[in-house]
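Contents: one structure, followed by commentary.
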2 protein chains.
Amino acid sequence: MASYTFGIDFGTSSCRSLIVDLSDGREIAEAVYPYPSGQSGVVLAADPDVARQEPADYLAGLENTVRSALLTAAGTIDGFVAAEVVAVGVATTGSTPIPVNDTGTALALLPEFSDNLAAKAWLWKDHTAHREAAMITKIARHTRPEYIDACGGTYSAEWFWAKIWHCLNTDRAVFDAAASWVELCDFLVGQLTGTSSPNELKRSITAAGHKAMYSKSWGGLPDTEFLATLAPELAELRGRLYDSAAQTTEIAGFVTGDWAERTGLKAGIPVAVGHFDAHAAGIAAGARVGVFVKVMGTSTCDVTVIEEKDGSVLPNIPGMCGVVRDSMIPGKTSIEAGQSAVGDIFNWFAENFLGDGEALEDVSEQAAKLTPGEHGLLALDWFNGNRSVLIDQRLTGAIIGLTLSTKPHHVFQALVEATAFGARRIVEAIEASGNPLKNIVAAGGLPSQAPWILQVYANALGREIVTSRTILGSALGAAIVAAVASGEFETVEHAQNVLVHYNDVPYRPDLVATARYDRLYVEFVFIHDAFAVDGPLGRVMKNLLTIRDEATRTLLTKETTRAR
Amino acid sequence: MASYTFGIDFGTSSCRSLIVDLSDGREIAEAVYPYPSGQSGVVLAADPDVARQEPADYLAGLENTVRSALLTAAGTIDGFVAAEVVAVGVATTGSTPIPVNDTGTALALLPEFSDNLAAKAWLWKDHTAHREAAMITKIARHTRPEYIDACGGTYSAEWFWAKIWHCLNTDRAVFDAAASWVELCDFLVGQLTGTSSPNELKRSITAAGHKAMYSKSWGGLPDTEFLATLAPELAELRGRLYDSAAQTTEIAGFVTGDWAERTGLKAGIPVAVGHFDAHAAGIAAGARVGVFVKVMGTSTCDVTVIEEKDGSVLPNIPGMCGVVRDSMIPGKTSIEAGQSAVGDIFNWFAENFLGDGEALEDVSEQAAKLTPGEHGLLALDWFNGNRSVLIDQRLTGAIIGLTLSTKPHHVFQALVEATAFGARRIVEAIEASGNPLKNIVAAGGLPSQAPWILQVYANALGREIVTSRTILGSALGAAIVAAVASGEFETVEHAQNVLVHYNDVPYRPDLVATARYDRLYVEFVFIHDAFAVDGPLGRVMKNLLTIRDEATRTLLTKETTRAR
């Protein structure tokens, strides 16, 4: 009898379920459910920093896509029965914390809070807590530098504590009503397994370690003294969160009879501890020691794992935005890096600077024909700040070398190269820390959409790049983790050996192109370091942003005055 | 009886004649003649560096436009008769040298040379002589630094000696057949006045001083020893050129009976020594001591004059591209600076990056509404190199501060501001040399086409900018000079007092805008100096160009090989 696992991926705009054949990793059926609420699933407000989601959308997506994928599988695979699905894994966006009551129900699902934005899920890209995040960074840097070192030196407005603190500061009723706060990945696992209280919930170490400053090396979550410095209520909340987080290859619980009825799954099959989508995608692309996975989309999330050299101290690799033990593969330390804008830069250019008749494809085609260096341009890919290796949101993009002969496809090519050079900088930083990367894998949506861009990356990095076969990495990764949790495979690596596949032909660097890119990369690093905060031009981008912010404030004040 | 002068402007694509009323500067009649040969009047070749003109086009333009303007005047001004025109002035592009035979006839007009490109007029923007120019610069820097200091430290491929030397190197027959070489402005004056030999021709000090390394302080043209280092034939040619050049307010000669018949002018009226168009435009905009004129078009040419402090040595004002005694106003030293691309940058942006539906006007309108600093961008206007104050062709444009929120009108505004900051840098360099500029005048085509750009300039410079009333500055300037030459006015300044007019309302700086631009200008100067050759990033633009040139050469070699 064949066996399968379910991987369910909760993205920013939709939920997707995937059934994976554990004999060979074949993706036998999938189903998608776009969230019905808000704008493409995101509940917005007048304040552009607000980005929330309806917990009800998640539950509807879970029910719909699992049921639908099972029907598809039954219709296409001879003799398929739902009982052959042996486990379920869930991967979600994060940090997406949700306030819940003492039975684990999301406050937004209660009538008294149904219209309250603060009671909904605080989607990863909600930026309302930027002041709280800055304060956390400042205080941690002085009193608990180890907390902040593990997340790249800056606590983000997108993360767990900043958001909860902002709720405390702006909606006391919701804060007080919350028995606890749970990450989306843990919330869904709790629902599927019928965990009746947030105290009993097995919390994901991926979410805890990357977003909530959790580490065994300092005894779990931030200590109460530190939290009390932020607000006494947060120190008090700590006792209603969790003492230890669970590895993602553990079983969190078992599918309840209720959910079995709603979805068609067999009751009692195990559900793995919740996972983050980017890390799950990393697993699905074969991330392991020496294998570096780039999950490339609007931005790029890079993951790999390293051996633990000394169990007591987290390794310090400058420029990484997350160094967390056990969060991707048990027993290994996962390294997360990234580039804040990649596909977003290409889309920005196409939307703003390419005429109607001149589609992105045309310009891409022309750019793909250029020889390295031919356009004379060099760009910095900091259009949304620099996540790695400078970890500085107050950096901006730049293009140098413009002439009256510069054409749109020249600029486009230079932007692509800038992201490739940024990627090379990250690879070099990890290798410089004594962790050689034998293989580079490209995953995510970008590689299949724009093969020529991958060739630029191979040339600019001077490295072979293999591409992941799946385009549903997060869901596949969740299914792989579920297979390990349920005992179908002994380790993540064993499961990867069977379930992870690559496209046959890798992108190989052209030696002549790489030789010229090596020279351009020297200039890239030179201006990269020059505009970094401690470089000779470090003040320029900061001052431009300061002047911009003042100018914008003045305008807003004027408009407000006029409106009165 | 009223009196008038003719100003005739020979531009790159057409010739224009203007009749000016000497009582008040009124422009009473004009006529234009587009050159019929080549592409928009320019004879091109497979080599993109070639740009020549047909001398016959000039003569046809002279005859046609003068005749036509006289007819228009007669038709519109009651009682106007051609005899009321008391003098003629000519302004032309330059350096545009023409090889002539011993009677002053252009070789291109002789049957044996009619098809020979080398025998035609070598238009100012012909770049075939770039190797010769580089060699002249190199040799002069070592052996005659004073020659090169007066023209900004670099002898240009566009100038007199480089072009003649290139002719010697590439078309010996033409070089040998040339009894002399004359600048276009001198050629036309010679034709009108019937000068039968190039030896008798009064050569313009404007052309001689700015383009042929002529100065009284070293005894006229470059000495024979220096020229012999370049090529013995050039040393020999020196004797067939001229010993001293004439001020542009001198009478060069008198209109011949033949030309009177062809044009309708009165025979025997004086013709002033030839002038350059940019300098004539400066005069028409009121350039004098303390008055700085920006002739703004595709590029910007800036002119002013300073008092001579010490008659024996030319003043050294770093960053100017021409410092020549007597070339604009007798007794004063003229200062020429410039920006290699201004309107060209705006056109480049519009042509390449604005979609069909999104005309330049729309973007201009949006940009005009921005408050300074709001877009967070800073640009360098070196898209065609930097003419002043760095005098370095191997510099390129840059844009810093790009984000995913950057819109096309933000970039456009930043490009406009970059040219304004570049202008401010020039103004500050001249003032730093101890020559205060009381007034700044904008002339040329740009001010009337884009008033909001002038307002940005006023704000960015923190200075009032007045605009010249005429849009035919070069022709008006030639007419003013003719009026001085013929004795209608005692000095250029006296003539300007009567004939030069400004638009009523100047552009006045907005104090709040200037305060913010002052801060952005600090950053502009900071990156300006950082990318200058001796700045911390001085190598970057040079290396990008070197890599680009190598990449392009490799491509060309490949194509040539393939073609074989």
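Just so it is clear, the model here is predicted, and its values are computed rather than measured.
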Within residues 411-425 of chain A or reaching into it, pairs that qualify as side chain to side chain donor-acceptor pair (under 3.5 Å) - sequence neighbours excluded: His375(A)-Glu417(A), Gln413(A)-Glu417(A), Glu417(A)-Tyr517(A), Thr419(A)-Tyr457(A), Arg424(A)-Glu428(A), Arg424(A)-Asp518(A)
Shortest non-hydrogen separation from Arg519(B) to Glu550(A) and the atoms involved: NH1-OE1, 2.9 Å
Beyond-backbone contact of Thr406(B) with Phe383(A), side-chain heavy atoms, under 4.5 angstrom: no
With Glu523(B), the salt bridge (Lys or Arg N to Asp or Glu O under 4.0 Å) member among Lys542(A), Arg539(A), Arg548(A): Arg539(A)
Largest heavy-atom contact set with chain A, pairs under 4.5 Å, which of Ile547(B), Leu404(B), Asn384(B), Ile400(B): Leu404(B)
Under 4.5 Å from a heavy atom of chain A, the part of Asp344(B) involved: both
Largest heavy-atom contact set with chain A, pairs under 4.5 Å, which of Asn347(B), Asp549(B), Leu545(B), Leu520(B): Leu520(B)
Side chain to side chain contact (heavy atoms under 4.5 Å, CB included) between Thr554(A) and Thr371(B), intermediate numbers included: CA-CA 9 Å; Thr554(A) 311; Thr371(B) 195; over 6 Å; no
Salt bridge (charged side-chain N to carboxylate O under 4.0 Å, His left out) partners for Glu351(A), two or more places apart: none
Residues of residues 389-396 of chain B contacting chain A, heavy-atom criterion under 4.5 Å, by residue number: Thr396(B)
Greatest number of heavy atom pairs closer than 4.5 Å to chain B - which of Leu377(A), Leu402(A), Thr403(A): Leu402(A)
Residue among Thr552(B), Leu378(B), Leu370(B) with most heavy-atom pairs under 4.5 Å to chain A: Leu378(B)
Chain B contact via Val512(A) - which portion, at a heavy-atom distance below 4.5 Å: neither
Heavy-atom pair count under 4.5 Å with chain B, highest-scoring of Gly385(A), Ser405(A), Gly397(A): Gly397(A)
Nearest atoms (heavy-atom pairs only) where Gly373(B) meets Ala551(A): C-CB, 4.1 Å
Contacts of residues 524-532 of chain A with chain B (heavy atom under 4.5 Å): Phe526(A), Ile527(A), Ala530(A), Phe531(A)
Interface residue of largest heavy-atom contact number with chain B, from Leu544(A), Val411(A), Ile345(A), Asn543(A), under 4.5 Å: Leu544(A)
